[in-house]
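Each remark here refers to the structure printed beneath this line.
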Amino acid sequence: MNAEWHLKHKGVSHSQITRLYSRFTSLDKGENGTLSREDFQRIPELAINPLGDRIINAFFPEGEDQVNFRGFMRTLAHFRPIEDNEKSKDQNGPEPLNSRSNKLHFAFRLYDLDKDDKISRDELLQVLRMMVGVNISDEQLGSIADRTIQEADQDGDSAISFAEFVK
């Protein structure tokens with residue numbers, strides 16, 4: 001089974017694959033068929049995004065420092081919109097990467113810095129600080145983090161689990 005068939009089967013058209021492959025090769029400054037973190041950091045939209053580093057990390061499996069085209073496409077698939085006709089597709093097949101649940105998992109992992117499947121007050125503060133920079137005082141950010149956890153935390157552990165995040 002070739003990669004293109006597999007991607008088309010996931011709802012990605014030939015022209016999208018061609019365009020993304022062209023983008024991939026233009027980012028591949030080492031011309032070795034893989035992208036490094038530095039290659040991603042050259043993308044202006046990621047360079048100015050406060051969560052750019054967190055998004056870049058999502059492209060790299062644990063302990064890896066290179067990503068090939070298949071891995072690049074796999075991560076990008078999370079961002080595809082969910083089309084109505086896709087919702088009724090094969091109920092027995094694997095859940096698509098762009099399903100609501102997988103999109104939420106992807107977003108949750110941006111906050112769960114230590115990968116313990118909970119978002120602590122400290123993690124929430126760190127991400128808020130990344131997003132707002134120095135425009136808001138630590139006291140105000142602390143208040144926002146406390147209020148967010150207070151509203152989302154249902155089991156009283158002072159953290160946000162994935163189930164609480166989904167709600």
Side-chain angles (χ1 to χ4, degrees), residues 1-120 123-124 126-133 152 159-167:
M1 207 184 308
N2 73 30
E4 186 172 322
W5 179 89
H6 188 69
L7 291 167
K8 281 170 100 172
H9 185 66
K10 297 283 186 206
V12 182
S13 72
H14 178 80
S15 64
Q16 287 170 318
I17 295 167
T18 304
R19 200 167 62 246
L20 286 168
Y21 188 71
S22 171
R23 180 73 164 140
F24 180 88
T25 54
S26 73
L27 292 171
D28 179 14
K29 299 302 179 198
E31 298 182 4
N32 58 1
T34 64
L35 300 180
S36 67
R37 281 182 171 77
E38 292 72 34
D39 291 327
F40 282 97
Q41 287 161 349
R42 288 190 196 94
I43 301 170
E45 295 82 357
L46 283 176
I48 63 165
N49 187 318
L51 295 181
D53 283 342
R54 300 289 306 141
I55 294 167
I56 291 168
N57 284 339
F59 281 88
F60 296 89
E62 193 70 41
E64 299 285 320
D65 57 1
Q66 301 287 313
V67 63
N68 62 16
F69 182 62
R70 184 182 285 245
F72 176 74
M73 287 293 295
R74 186 174 171 76
T75 302
L76 287 179
H78 289 92
F79 297 99
R80 283 186 55 238
I82 303 166
E83 292 162 19
D84 286 338
N85 62 350
E86 289 180 36
K87 290 178 186 166
S88 59
K89 279 197 182 157
D90 184 5
Q91 299 300 315
N92 300 322
E95 190 174 7
L97 290 168
N98 67 329
S99 69
R100 179 175 186 271
S101 172
N102 279 329
K103 285 178 187 287
L104 286 165
H105 267 286
F106 188 89
F108 182 80
R109 287 191 297 265
L110 293 179
Y111 288 88
D112 183 17
L113 304 176
D114 65 6
K115 299 180 181 147
D116 69 348
D117 295 324
K118 288 181 193 272
I119 301 168
S120 68
E123 288 170 320
L124 192 52
Q126 284 184 60
V127 175
L128 286 171
R129 202 169 284 120
M130 287 176 211
M131 294 192 321
V132 300
I160 302 170
S161 68
F162 179 67
E164 292 166 340
F165 181 81
V166 168
K167 285 189 175 114

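Values below: all heavy atoms of this structure, side chains included; hydrogens, waters and symmetry mates excluded.
To the nearest 0.5 Å, atoms CE (Met131) and CG (Asn49) are separated by 10.0 Å. Annotation: the span from Gln126 atom CD to Ser120 atom OG amounts to 7.5 Å, rounded to 0.5 Å. Rounded to the nearest 0.5 Å, atoms CG (Asn102) and NE2 (His105) are 6.5 Å apart. Rounding to the nearest 0.5 angstrom, the gap separating the CZ atom in Phe40 from the CG atom in Asp53 is 12.0 Å. Taken to the nearest 0.5 Å, the CZ atom of Arg70 stands 10.5 Å off from the CE atom of Met73. Between Leu35 atom CG and Ile43 atom CD1 the span is 7.5 Å, to the nearest 0.5 Å.
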May I have the step-by-step check of side chain to side chain donor-acceptor pair (under 3.5 Å) for Arg37 and Asn57, ending in yes or no?
-> CA-CA 8 Å; Arg37 281 182 171 77; Asn57 284 339; 3.1 Å; yes
Decide yes or no on side chain to side chain contact (heavy atoms under 4.5 Å, CB included) for Gln16 and Arg19, but give the supporting numbers first.
-> CA-CA 5 Å; Gln16 287 170 318; Arg19 200 167 62 246; 3.9 Å; yes
Derivation and outcome, side chain to side chain contact (heavy atoms under 4.5 Å, CB included), residues Val166 and Phe108 | CA-CA 9 Å; Val166 168; Phe108 182 80; over 6 Å; no
Step-by-step side chain to side chain contact (heavy atoms under 4.5 Å, CB included) determination, Leu20 to Ile17 = CA-CA 5 Å; Leu20 286 168; Ile17 295 167; 6.0 Å; no
Verify side chain to side chain contact (heavy atoms under 4.5 Å, CB included) between Thr34 and Val67, making sure each step is shown before the conclusion.
-> CA-CA 5 Å; Thr34 64; Val67 63; over 6 Å; no
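Note on residues 21-35: no pairs pass salt bridge (charged side-chain N to carboxylate O under 4.0 Å, His left out), not counting sequence neighbours. Judged as a salt bridge (charged side-chain N to carboxylate O under 4.0 Å, His left out), the pairs with a partner in residues 39-48 (not counting sequence neighbours) are, in order, Asp39-Arg42.
At least one donor-acceptor pair under 3.5 Å links the side chain of Glu123 to the backbone N or O of Asp114. A donor-acceptor pair under 3.5 Å links the side-chain atoms of Lys103 to the main chain of His78, judged by distance alone. One N or O on the side chain of Thr18 and one on the backbone of His14 form a donor-acceptor pair closer than 3.5 Å.
Each of Leu113, Leu110, Val132, Ile119 was evaluated against Val127; a single residue qualifies, Leu113, per the side chain to side chain contact (heavy atoms under 4.5 Å, CB included) test.
A ring-centre distance under 6.0 Å is not found for Phe60 and Phe72.
Every residue two or more places apart in sequence or in another chain that forms a ring pair (Phe, Tyr, Trp, His ring centres under 6.0 Å) with Tyr21 is listed here: Phe69.
Counting heavy atoms from C-beta outward, Asp117 and Phe162 have side chains that stay 4.5 Å or more apart.
The two residues Thr75 and Ala58 come nearest to each other via the heavy atoms OG1-O, 3.7 Å. Ala159 approaches Glu164 most closely through the heavy-atom pair O-OE1, 3.1 Å.
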